[in-house]
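Input: a single structure, listed below in structure tokens.
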Number of protein chains: 2
Amino acid sequence: MIVPVDRAAQAVEAARVLLEQEGREAMSMRRVAERVGIRAPSLYKHVPDKAELEIRLVAQGLAEIGAALAAAGPNLARLAAAYRAWALAHGRLYKLATDEPLPRDRLPPGLEAAAAEPLLSAFGDEHVARAVWASAHGLVTLELAGRFPPDADLDAAWAAMVAAYAPLARGSAR
Amino acid sequence: MIVPVDRAAQAVEAARVLLEQEGREAMSMRRVAERVGIRAPSLYKHVPDKAELEIRLVAQGLAEIGAALAAAGPNLARLAAAYRAWALAHGRLYKLATDEPLPRDRLPPGLEAAAAEPLLSAFGDEHVARAVWASAHGLVTLELAGRFPPDADLDAAWAAMVAAYAPLARGSAR
DNA sequence: GTCTATAGTGGGATAGAC
DNA sequence: GTCTATCCCACTATAGAC
């Protein structure tokens, strides 16, 4: 049985490993090709350019975050924990997926909305949902960047964030 | 009257202009030197390396943010507005100053604490202060990165953030 | 579909003359 | 303190042979 090799998919996977294990600078077409087992110029027979690899990684990241949130259910504390856990486990992919403007025209349709849906339905109000998303993003971003003092109690900071927004959630007694 | 030229200070200023006007890639030693009016190698007589320029810019950014917050007074809405305004007005410097681990050993002593003080004294609780800081950071970061949908009402998102944390501030009736 | 060769562009930093 | 010359590095991407 012949199993055709999907070089494009191999390249994306190679890019992800390089990104997550060694950082963004390691994700060069040369290194990607090396992992695939071919030379860099041959990559361009399977992928239009480097941006394509990055866009596919962004799509993977968004899809996985959305799935993690959906699996957490409607509870804010659980949503926050799931968001934090995914981001910390995939720090460099998280940064790649959130640092730059979304290439919306090259992303699978509905992906952005699907990733946002769990928070939106937990709060009902889109403005609150955005504030909560941004707050989680800020906490995780600063944690990943190592910007909090070394002795900072980040669990407590997350708890404070959850406590602040909890009264605005759908299920809460207001 | 002889006015000696401080090449190091000139280089830092040149780096800041290049960063803010053209982006981080434009901030090369060659471009910096060009703005100063000398050749790139001569820069190294006045500055040990490029990292020194970046560190001085981070210090400038932190000092200016701290000053903006201090000037805003203890009111949370005003603090948030000041934070947002400074960050949006200096987007690329803000990113430079918050994206990577703080080089604490090469920063002026007390600078980090001074920048954090206004928020800390507005809330009393360090955990809450960190959550608020991170929330503002997340909002401003996503706004700078162009990550919100084009039609998103960001004033409303900021208002939601302020409303969520306001009950935890010192002056509020609890 | 793979290769070699290479174009084109940039970067940080040092040596040594003046 | 400034210069020229240079090192050494890296990258994305294309041309054209096989």
Side-chain angles (χ1 to χ4, degrees), chain A residues 1-59 92-93 95-97 99-101 103 105-106, chain B residues 1-59 92-93 95-97 99-101 103 105-106:
Chain A
M1 180 171 159
I2 299 174
V3 179
V5 221
D6 183 342
R7 289 282 196 226
Q10 283 184 316
V12 172
E13 176 58 20
R16 177 158 179 171
V17 171
L18 286 166
L19 171 67
E20 295 210 38
Q21 293 186 355
E22 298 182 49
R24 189 156 185 179
E25 332 74 47
M27 196 182 57
S28 72
M29 294 302 264
R30 282 165 161 83
R31 295 289 309 277
V32 167
E34 184 190 344
R35 274 194 80 87
V36 171
I38 61 179
R39 303 290 181 170
S42 306
L43 239 29
Y44 292 86
K45 300 284 186 183
H46 309 283
V47 156
D49 51 24
K50 190 184 178 182
E52 177 70 18
L53 295 182
E54 295 175 341
I55 287 164
R56 293 214 203 177
L57 289 184
V58 170
R92 298 199 249 232
L93 179 55
K95 189 172 184 194
L96 178 74
D99 239 17
E100 280 155 70
D105 48 334
R106 294 181 68 177
Chain B
M1 183 171 157
I2 300 175
V3 179
V5 222
D6 183 341
R7 288 286 196 222
Q10 283 184 315
V12 173
E13 176 58 21
R16 177 159 180 171
V17 171
L18 286 165
L19 171 67
E20 297 211 38
Q21 294 186 353
E22 298 184 48
R24 188 156 185 179
E25 331 75 48
M27 197 181 57
S28 72
M29 294 302 265
R30 283 167 162 84
R31 295 289 309 277
V32 167
E34 183 189 342
R35 274 195 80 88
V36 171
I38 61 180
R39 303 289 181 171
S42 307
L43 238 29
Y44 292 87
K45 300 285 186 180
H46 309 284
V47 158
D49 52 22
K50 190 184 179 182
E52 176 71 18
L53 295 182
E54 294 175 341
I55 287 164
R56 293 214 204 177
L57 289 184
V58 170
R92 298 201 249 233
L93 179 56
K95 187 170 186 195
L96 178 74
D99 238 16
E100 280 156 68
D105 48 334
R106 294 181 68 178

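Computed over heavy atoms, backbone and side chain alike; hydrogens, waters and symmetry mates excluded. Each chain gets a letter, A, B and so on, in the order the sequences are listed, and its residues count up from 1.
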Next item on the list: Please report, rounded to the nearest Å, how far the P atom of dT14(D) is from the CG atom of Leu43(A).
Entry: 12 Å
Notebook entry, point to check: From the list dG1(C), dA13(C), dG1(D), which nucleotide is the closest neighbour of the side chain of Met29(B)?
Noted result: dA13(C)
Next item on the list: Could you tell me the separation between the NZ atom of Lys45(B) and the P atom of dA13(C), rounded to a whole number of Å?
Entry: 15 Å
Note to self: Measuring to OP1 and OP2 of dT2(C), would you say a side-chain N or O of Arg7(A) lies under 4.0 angstrom away?
What the structure shows: yes
Next item on the list: To the nearest Å, give me how far apart CG (Leu53(B)) and C1' (dG12(C)) are.
Entry: 12 Å
Margin query: Can you measure Tyr44(A) atom OH to dT6(C) atom C1' for me and round it to whole angstrom units?
Written below: 14 Å
Next item on the list: Would you classify Lys50(A) as touching base, sugar-phosphate or nothing, given that sugar-phosphate means primed atoms plus P, OP1 and OP2, and contacts are heavy atoms under 4.0 Å?
Entry: sugar-phosphate
Note to self: I'd like to know if Glu52(B) and Arg106(B) make a salt bridge, using a cut-off of under 4.0 Å between side-chain N and carboxylate O.
What the structure shows: yes
Notebook entry, point to check: Nearest to the side chain of Pro41(B) - dC11(D), dC3(D), dG11(C)?
Noted result: dC3(D)
Notebook entry, point to check: Within this structure, what is the CG-to-C1' distance between Leu18(A) and dC11(D), rounded to whole angstrom?
Noted result: 15 Å
Check: With a 4.0 Å cut-off on heavy atoms, is Ser42(B) in touch with a base, just the backbone sugar-phosphate, or nothing at all?
Finding: base
Next item on the list: For the pair Glu54(B) and Arg24(B), find out whether any cationic side-chain nitrogen is under 4.0 Å from an anionic carboxylate oxygen.
Entry: yes
Item checked: Glu54(B) CD to dA13(C) C1', straight-line distance once rounded to whole Å -> 15 Å
Item checked: Selection from dA13(D), dG1(D), dC3(D) that lies nearest to any side-chain heavy atom of His46(B) -> dG1(D)
Checklist line | Distance in angstrom units between Met27(B) CE and dG11(C) C1', rounded | finding: 13 Å
Next item on the list: Apply the test side chain to side chain contact (heavy atoms under 4.5 Å, CB included) to residues Arg7(A) and Ile38(A): give CA-CA distance (whole Å), side-chain angles for both, the deciding distance (0.1 Å), then the verdict.
Entry: CA-CA 10 Å; Arg7(A) 289 282 196 226; Ile38(A) 61 179; 3.7 Å; yes
Checklist line | Short N-O contact, Arg31(B) and Glu34(B), less than 4.0 angstrom | finding: yes
Check: Can you tell me if the side-chain N/O atoms of Arg39(A) get under 4.0 Å from OP1 or OP2 in dT4(C)?
Finding: yes
Check: Would Lys95(B) and Glu20(B) pass as an ion pair if we require N to O under 4.0 Å?
Finding: no
Next item on the list: Quickly work out the Arg30(B) CZ to dT6(D) P distance and round it to whole Å.
Entry: 14 Å
